[in-house]
Colleague: 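Okay, here's the structure, questions in a sec.
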Amino acid sequence: MTVRTRFAPSPTGFLHIGGARTALFSWAYARRHGGTFLLRIEDTDVARSTPEAVQAILDGMQWLGLAHDEGPFYQMQRMARYGEVIQQMLTSGSAYHCYMSKDDLDTLRAEQEARKQKPRYDGRWRPEPGKTLPPAPAGVIPVVRFRNPTDGVVSWDDQVKGKIEFANAELDDFIIARGDGTPTYNFCVVVDDWDMAITHVIRGDDHVNNTPRQINLLRALGAPVPAYAHLSMILGDDGQKLSKRHGAVSVMQYDDDGYLPEAVLNYLARLGWSHGNEEVFTMEQFVAWFDLDHVTASAAQFNTEKLNWLNAHYLKLADDQRLAVEIHRRLKASGVDTGVSNIDAAGIAAINKDRVGNLNELSDIAHLFYVAPGISNELASMHLTEVAVAALRDLRTRLQDAVWTAPELSATVKQTLTATGLKMPQVAIPLRVALFGQTQSAAIDKVLAVLGREETLKRLDRVL
RNA sequence: GACCCUAUCGUCUAGAGGCCUAGGACAAUACCCUUUCACGGUAUGAACCCGGGUUCGAAUCCCGGUGGGGUCGCCA
């Protein structure tokens, strides 16, 4: 049997971190078993679905590098098929028309809640042997309800949570088609998973309660029941649940915030899944190791600090040319023209990538190379003392004819040390202030090498 | 309220009855390295929710409690 998994978001917003992990696990499971991963857009909520959201989801998936093998399928394009199945069910008696109005339904639910009961449809239009149904009210367009079994239990062996069992008595006859004929979620999912031959449904925890309904539907249709794996939810950094109002952000926000996709992926993989003590691994390793047995059943709290650590780790490993592209992109976005200078962004990346936590910090440093920052009075008076300026003057003369490589520049600075009798920090710090308006930078010889002779002398002359 | 799920250091987790005086990672703290800030290295502190069982033996199995979460839509 070929494994077929799917990621089925509804296009009512961006791809957030929880959805991204669900997609990642579905993708990995298919890859792990040489199967097929498909993307399905569940857009039957016409009022809330937007093309922008579809694009946002596609963008997020692409940024993460989670490629689907089939799709994207759009449920709105499958209406004919849904109508056909509904008609079939109506004919076979596994579904029926219900003329109860929304108002009556609301009243019924309010009464049930007042009695502290579980709100549910009371089956008044459900056909039963020997039961006489009221005459269909004129002018009312009925909804279609599924005739759910009333006895027994429905259970499945959840691939992450173990055996889960529901009494059919707990389930009511849910609506599968609205008054306007459009099918509803549980129904579409079932028909799609069936038609698309999905073997493993990997989805969020919030669908556990839909599963017994979907299994009953599948059985009524005579369709095979796939394996289910329900992933527990991801809580915010503060332990609170993520919501639109609180903490739920688009995966693209992580791009904006300077995270590398491989860091986000590695973090997400490790959030709720483990492989012994492995913490840092490639996607190839993840795919080779991934299994549902080691997915945690309980909710996990998002930890930005650990993500930051992974991001810093992957930054160190990242190719300098790739980082150069990121630097240009980010600087350009903040209005800095990097074209006027011949400073090599890859060089900047090479000497700074192991000192920063994210791409934005790297870009901020790069900014200092492209545009000479001002020097605050405070720093000037503290570091550009008479002694320091004299040393810088000495250094300037030597720099004039120095061979412009880091080792040679290091030697040059040391000559100034010898000449002035100062210690390295006594020269290096004023030099940093003169060059960048701040006291910290990467190793000063490397910095000079990247900044270049012309720019270095120009900046030095400002303070001499 | 009903139903369903869940519970190991602050956080993510290892752990499938003896290997556990509970391991790793992030974070924290200390020290080392050092041309500043970082990086890096080393070390330290830090947890099995509670109560009953089962068993020679339980973090691991069972029951109950408590905490947390999910669902109860003509949303998905």
Side-chain angles (χ1 to χ4, degrees), chain A residues 8-12 42-45 47-49 75 98 100-102 105-106 109 112-120 141-145 158 160-162 164-167 169-172 174-186 188-189 204-212 230 232-233 235 237 239 241 267 270-280 293-294 296-310 312-313 316 352-357 361 410 413-414 417 423-429 431-433 438-447:
Chain A
S10 68
T12 54
E42 310 218 322
D43 53 358
T44 52
D45 184 352
R48 293 197 304 152
S49 297
Q75 290 187 322
C98 168
M100 189 172 182
S101 71
K102 275 184 198 180
L105 214 39
D106 288 343
R109 279 197 270 257
Q112 287 165 330
E113 260 174 86
R115 268 179 275 134
K116 305 231 181 245
Q117 287 173 341
K118 187 171 187 165
R120 63 212 305 276
I141 305 166
V143 298
V144 179
R145 285 185 183 270
D158 196 276
V160 351
K161 289 176 185 289
I164 301 181
E165 193 174 80
F166 281 82
E170 287 295 328
L171 276 23
D172 65 359
F174 56 96
I175 291 171
I176 59 176
R178 303 178 178 96
D180 65 6
T182 58
T184 60
Y185 170 73
N186 280 115
C188 297
V189 166
D205 214 346
D206 48 339
H207 289 292
V208 167
N209 292 274
N210 289 323
T211 307
H230 288 97
S232 57
M233 65 180 320
L235 271 22
D237 237 330
K241 64 174 269 195
Y267 179 73
R270 199 57 195 67
L271 192 64
W273 173 84
S274 61
H275 184 73
N277 286 336
E278 301 292 343
E279 294 287 351
V280 181
D293 293 344
H294 291 85
T296 325
S298 56
Q301 191 172 316
F302 194 89
N303 187 214
T304 303
E305 287 181 327
K306 189 161 180 179
L307 204 213
N308 289 344
W309 169 73
L310 274 168
H313 171 80
K316 291 184 188 76
N352 288 295
K353 65 181 177 184
D354 57 354
R355 311 173 57 245
V356 296
E361 286 173 19
S410 177
V413 173
K414 280 171 185 155
L417 259 32
K423 297 285 184 198
M424 181 59 95
Q426 294 174 291
V427 174
I429 303 242
L431 183 54
R432 289 187 172 96
V433 170
Q438 59 182 42
T439 56
Q440 319 107 306
S441 78
I444 201 67
D445 49 346
K446 292 179 182 165
V447 163

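Lettering of chains follows the sequences in order, A, B, ..., and the numbering in each one begins at 1.
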Colleague: Which is true for A/Lys102 with a 4.0 Å heavy-atom rule: it touches a base, it touches only sugar-phosphate, or it touches nothing?
Modeller: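 Base, at least one base atom sits under 4.0 Å.
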Colleague: Please confirm whether the backbone N or O of A/Tyr185 pairs with a side-chain atom of A/Glu42, one donor and one acceptor, at under 3.5 Å?
Modeller: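 Checked: no pair found.
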Colleague: Between P on B/C37 and CD1 on A/Ile429, what's the gap in Å once rounded to a whole number?
Modeller: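 Taking CD1 of A/Ile429 and P of B/C37, I get 7 Å after rounding.
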Colleague: Which nucleotide in the list B/U35, B/A76, B/A2 gets nearest to the side chain of A/Ser10?
Modeller: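 Taking heavy atoms from C-beta onward, the closest nucleotide is B/A76.
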Colleague: Side chain of A/Met233 only, heavy atoms from C-beta on: which candidate in B/A76, B/G70, B/U6 is closest?
Modeller: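 Closest nucleotide to the A/Met233 side chain: B/G70.
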Colleague: If we call it a pair only when both distances are under 3.5 Å in a Watson-Crick or G-U wobble match, what pairs with B/U42?
Modeller: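 B/A30 - that is the nucleotide pairing with B/U42, both distances being under 3.5 Å.
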Colleague: So A/Ser298, base contact, sugar-phosphate only, or nothing? Heavy-atom distance under 4.0 Å.
Modeller: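 Sugar-phosphate, no base atom in range.
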Colleague: Taking B/U44 as the reference, what is the distance to B/C61 when you measure between their P atoms (whole Å, please)?
Modeller: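 Those two atoms are separated by 32 Å.
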Colleague: Find the distance A/Asp354:CG to B/U34:C1' and express it as a whole number of Å.
Modeller: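 It works out to 13 Å between those atoms.
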Colleague: Quantified in whole Å, what is the P atom distance between nucleotide B/C12 and nucleotide B/G70?
Modeller: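 Approximately 16 Å lies between the P atom of B/C12 and that of B/G70.
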Colleague: Taking the side chain from A/Gln426 and the backbone from A/Lys423, do they hold a donor-acceptor pair closer than 3.5 Å?
Modeller: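 Confirmed, A/Gln426 side chain pairs with A/Lys423 backbone.
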Colleague: Find the distance A/Asn308:CG to B/A27:P and express it as a whole number of Å.
Modeller: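 Taking atom P of B/A27 as the reference, CG of A/Asn308 is at 9 Å.
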Colleague: Would you classify A/Gly272 as touching base, sugar-phosphate or nothing, given that sugar-phosphate means primed atoms plus P, OP1 and OP2, and contacts are heavy atoms under 4.0 Å?
Modeller: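 Result for A/Gly272 = sugar-phosphate.
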Colleague: Checking all strands, does A/Lys116 fall into the base, sugar-phosphate, or nothing category for heavy-atom contacts under 4.0 angstrom?
Modeller: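 Sugar-phosphate only.
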Colleague: Supply the atom-to-atom distance A/Glu165 CD to A/Glu170 CD, rounded to the nearest 0.5 angstrom.
Modeller: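 Spacing of CD (A/Glu165) from CD (A/Glu170) equals 12.0 Å.
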Colleague: On RNA chain B, compare the nucleotides closest to A/Leu105 and A/Leu307; which residue's is nearer the 5' end?
Modeller: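 Here A/Leu307 is the residue nearer the 5' end.
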Colleague: Reckon A/Asn352 touches a base, only the sugar-phosphate, or nothing at all at heavy-atom distances under 4.0 Å?
Modeller: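 Contact class for A/Asn352: none.
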Colleague: Between A/Ala443 and A/Thr296, which has a closest nucleotide on RNA chain B that is more 5'?
Modeller: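 First, find each residue's nearest nucleotide; the 5'-ward one identifies A/Thr296.
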Colleague: Looking only at the side chain of A/Arg145 (C-beta and beyond, no hydrogens), which of the listed nucleotides B/U35, B/C37, B/C74 gets closest?
Modeller: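 Of B/U35, B/C37, B/C74, B/C74 is nearest to the side chain of A/Arg145.
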Colleague: Looking only at the side chain of A/Asn210 (C-beta and beyond, no hydrogens), which of the listed nucleotides B/U6, B/A27, B/A76 gets closest?
Modeller: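 That would be B/A76.
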Colleague: For B/A47, which nucleotide in any strand shown is its Watson-Crick or wobble partner with both distances under 3.5 Å?
Modeller: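 By the stated definition (distances under 3.5 Å), nothing pairs with B/A47.
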Colleague: Quantified in whole Å, what is the C1' atom distance between nucleotide B/U21 and nucleotide B/A16?
Modeller: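 B/U21 and B/A16 have their C1' atoms separated by 22 Å.
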Colleague: Heavy atoms only, 4.0 Å cut-off, all strands: where does A/Lys316 land among base, sugar-phosphate and nothing?
Modeller: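 It contacts sugar-phosphate atoms only.
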Colleague: Take the protein atom CD of A/Gln438 and the nucleotide atom P of B/A38, then report the distance between them rounded to whole Å.
Modeller: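 Whole-Å distance recorded here is 13 Å.
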Colleague: Using a 4.0 Å heavy-atom cut-off, does A/Glu278 contact any base of the nucleic acid, only the sugar-phosphate backbone, or nothing at all?
Modeller: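 The answer is nothing, as A/Glu278 stays clear of every strand by at least 4.0 Å.
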Colleague: Report yes or no: does A/Gln301 contribute a side-chain atom to a donor-acceptor pair with the main-chain N or O of A/Asp237 at less than 3.5 Å?
Modeller: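 Indeed, once roles are kept as given, a pair shorter than 3.5 Å links the two residues.
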Colleague: Nearest of B/A2, B/A76, B/G24 to any side-chain atom of A/Tyr185?
Modeller: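 From the listed options, B/A76 comes nearest.
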Colleague: How far does the P atom of B/C39 sit from the matching atom of B/C31, given to the nearest Å?
Modeller: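 It works out to 16 Å between them.
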Colleague: Which part of the nucleic acid does A/Ile444 contact within heavy-atom distance under 4.0 Å: base, sugar-phosphate only, or nothing?
Modeller: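 If one applies the 4.0 Å heavy-atom cut-off, A/Ile444 turns out to touch a base.
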Colleague: Tell me the partner of B/U60, counting only Watson-Crick (N1-N3 plus N6-O4 or O6-N4) or G-U wobble (N1-O2 and O6-N3) with both under 3.5 Å; none if nothing fits.
Modeller: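 Partner of B/U60: none found under 3.5 Å.
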Colleague: Could you give the CG-to-C1' distance, from A/Asn303 to B/C9, as a whole number of Å?
Modeller: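 From A/Asn303 CG to B/C9 C1': 13 Å.
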Colleague: Which part of the nucleic acid, if any, lies within contact of A/Asp293, taking any heavy atom under 4.0 Å across all strands shown: a base, the sugar-phosphate backbone alone, or nothing?
Modeller: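 Result for A/Asp293 = nothing.
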Colleague: Under 4.0 Å between a side-chain nitrogen and a carboxylate oxygen: does that hold for A/Asp205 and A/Lys161?
Modeller: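 Salt bridge flag = yes for A/Lys161 with A/Asp205.
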Colleague: Nearest whole Å is fine: how far is B/C33 C1' from A/Met424 CE?
Modeller: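 Taking atom C1' of B/C33 as the reference, CE of A/Met424 is at 16 Å.
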Colleague: Do the side chain of A/Asn277 and the base of B/G23 come within less than 3.5 angstrom through a donor-acceptor pair of N or O atoms?
Modeller: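 Checked by distance alone, the answer is yes.
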Colleague: As a test of reading the structure: which of B/G24, B/A76, B/U35 is closest to the side chain of A/Glu279, going by heavy atoms?
Modeller: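 Nearest to the side-chain atoms of A/Glu279, counting from C-beta on, is B/G24.
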Colleague: NA contact type, A/Thr44, heavy-atom cut-off 4.0 Å: base, sugar-phosphate, or nothing?
Modeller: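 Answer is sugar-phosphate: A/Thr44 comes under 4.0 Å of backbone atoms only.
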Colleague: Determine the Euclidean distance between corresponding C1' atoms of B/G17 and B/U54; express it in Å to zero decimal places.
Modeller: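 Going atom to atom, C1' in each nucleotide, I get 11 Å.
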Colleague: From the options B/A25, B/A76, B/U6, select the nucleotide whose nearest atom is closest to the side chain of A/Asn186.
Modeller: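 So the side chain of A/Asn186 is nearest to B/A76.
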Colleague: Rounded to whole angstrom, note down the C1' distance from B/U29 over to B/G45.
Modeller: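 Those two atoms are separated by 8 Å.
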Colleague: Under a 3.5 Å cut-off for both distances, is B/G67 Watson-Crick or wobble paired, and to whom?
Modeller: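 B/G67 is paired with B/U6.
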Colleague: When rounded to the nearest Å, what value does the distance between P atoms of B/U66 and B/C26 take?
Modeller: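 Comparing P positions in B/U66 and B/C26 gives a spacing of 39 Å.
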Colleague: Which is true for A/Arg109 with a 4.0 Å heavy-atom rule: it touches a base, it touches only sugar-phosphate, or it touches nothing?
Modeller: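 Since only primed, P, OP1 and OP2 atoms lie under 4.0 Å of A/Arg109, the category is sugar-phosphate.
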Colleague: Categorize A/Leu271 for me: base, sugar-phosphate, or nothing, with a 4.0 angstrom heavy-atom threshold over every strand shown.
Modeller: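 Here A/Leu271 touches the backbone only, sparing every base.
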Colleague: Using modelled atom types only, decide if a donor and an acceptor are shared between the side chain of A/Tyr267 and the backbone of A/Phe302 within a distance under 3.5 Å.
Modeller: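 No.
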Colleague: Remember a base hit wins even if backbone is also touched, and classify A/His294 as base, sugar-phosphate or nothing at under 4.0 Å, heavy atoms.
Modeller: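 Sugar-phosphate contact only - A/His294 comes under 4.0 Å of backbone atoms but never of a base.
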Colleague: Just confirming the chi classification of B/C63, syn or anti, using 90° around 0 as the syn window.
Modeller: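 Anti, angle beyond 90° from zero.
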Colleague: By nearest atom, which of the nucleotides B/C39, B/U35, B/A25 is closest to the A/Ala428 side chain?
Modeller: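 Closest nucleotide to the A/Ala428 side chain: B/U35.
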Colleague: Of the candidate nucleotides B/G73, B/U36, B/A76, which contains the atom at the shortest distance from the side chain of A/Pro119?
Modeller: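 Between B/G73, B/U36, B/A76, the one nearest the side chain of A/Pro119 would be B/G73.
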Colleague: So which nucleotide does B/A25 pair with, by the Watson-Crick or G-U wobble rule with both distances under 3.5 Å?
Modeller: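 Checking every strand shown, B/A25 finds its partner in B/U11, with both distances under 3.5 Å.
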Colleague: First locate atom CG of A/Asn210, then atom CG of A/Asn186, and finally report the distance between them rounded to the nearest 0.5 Å.
Modeller: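 One gets 4.5 Å once the value is rounded to the nearest 0.5 Å.
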Colleague: Keeping the roles fixed (side chain from A/Asn308, backbone from A/Gly357), state whether a donor-acceptor pair exists under 3.5 Å.
Modeller: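 Not at all, since once roles are kept as given, no pair shorter than 3.5 Å links the two residues.
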Colleague: Taking A/Arg270 for the side chain and A/Val280 for the main chain, is one N or O donor matched with an acceptor at less than 3.5 Å?
Modeller: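 Between the backbone of A/Val280 and the side chain of A/Arg270 there is no qualifying donor-acceptor contact (under 3.5 Å).
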Colleague: Can any side-chain N or O of A/Ser410 pair as donor or acceptor with the backbone N or O of A/Asp445 at less than 3.5 Å?
Modeller: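 No.
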Colleague: With P as the reference atom in both, quote the distance from B/C74 to B/C63 in angstrom, rounded to an integer.
Modeller: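 Between the two P atoms, the distance is 35 Å.
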Colleague: Measure from the side chain of A/Thr184, starting at C-beta and using heavy atoms only, and say which of B/A2, B/C74, B/C12 lies closest.
Modeller: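 Taking heavy atoms from C-beta onward, the closest nucleotide is B/C74.
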Colleague: What's the CZ-P distance between A/Phe166 and B/G70, to the nearest Å?
Modeller: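 Checked: the CZ to P distance equals 15 Å.
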Colleague: Using a 4.0 Å heavy-atom cut-off, does A/Val208 contact any base of the nucleic acid, only the sugar-phosphate backbone, or nothing at all?
Modeller: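 Answer is sugar-phosphate: A/Val208 comes under 4.0 Å of backbone atoms only.
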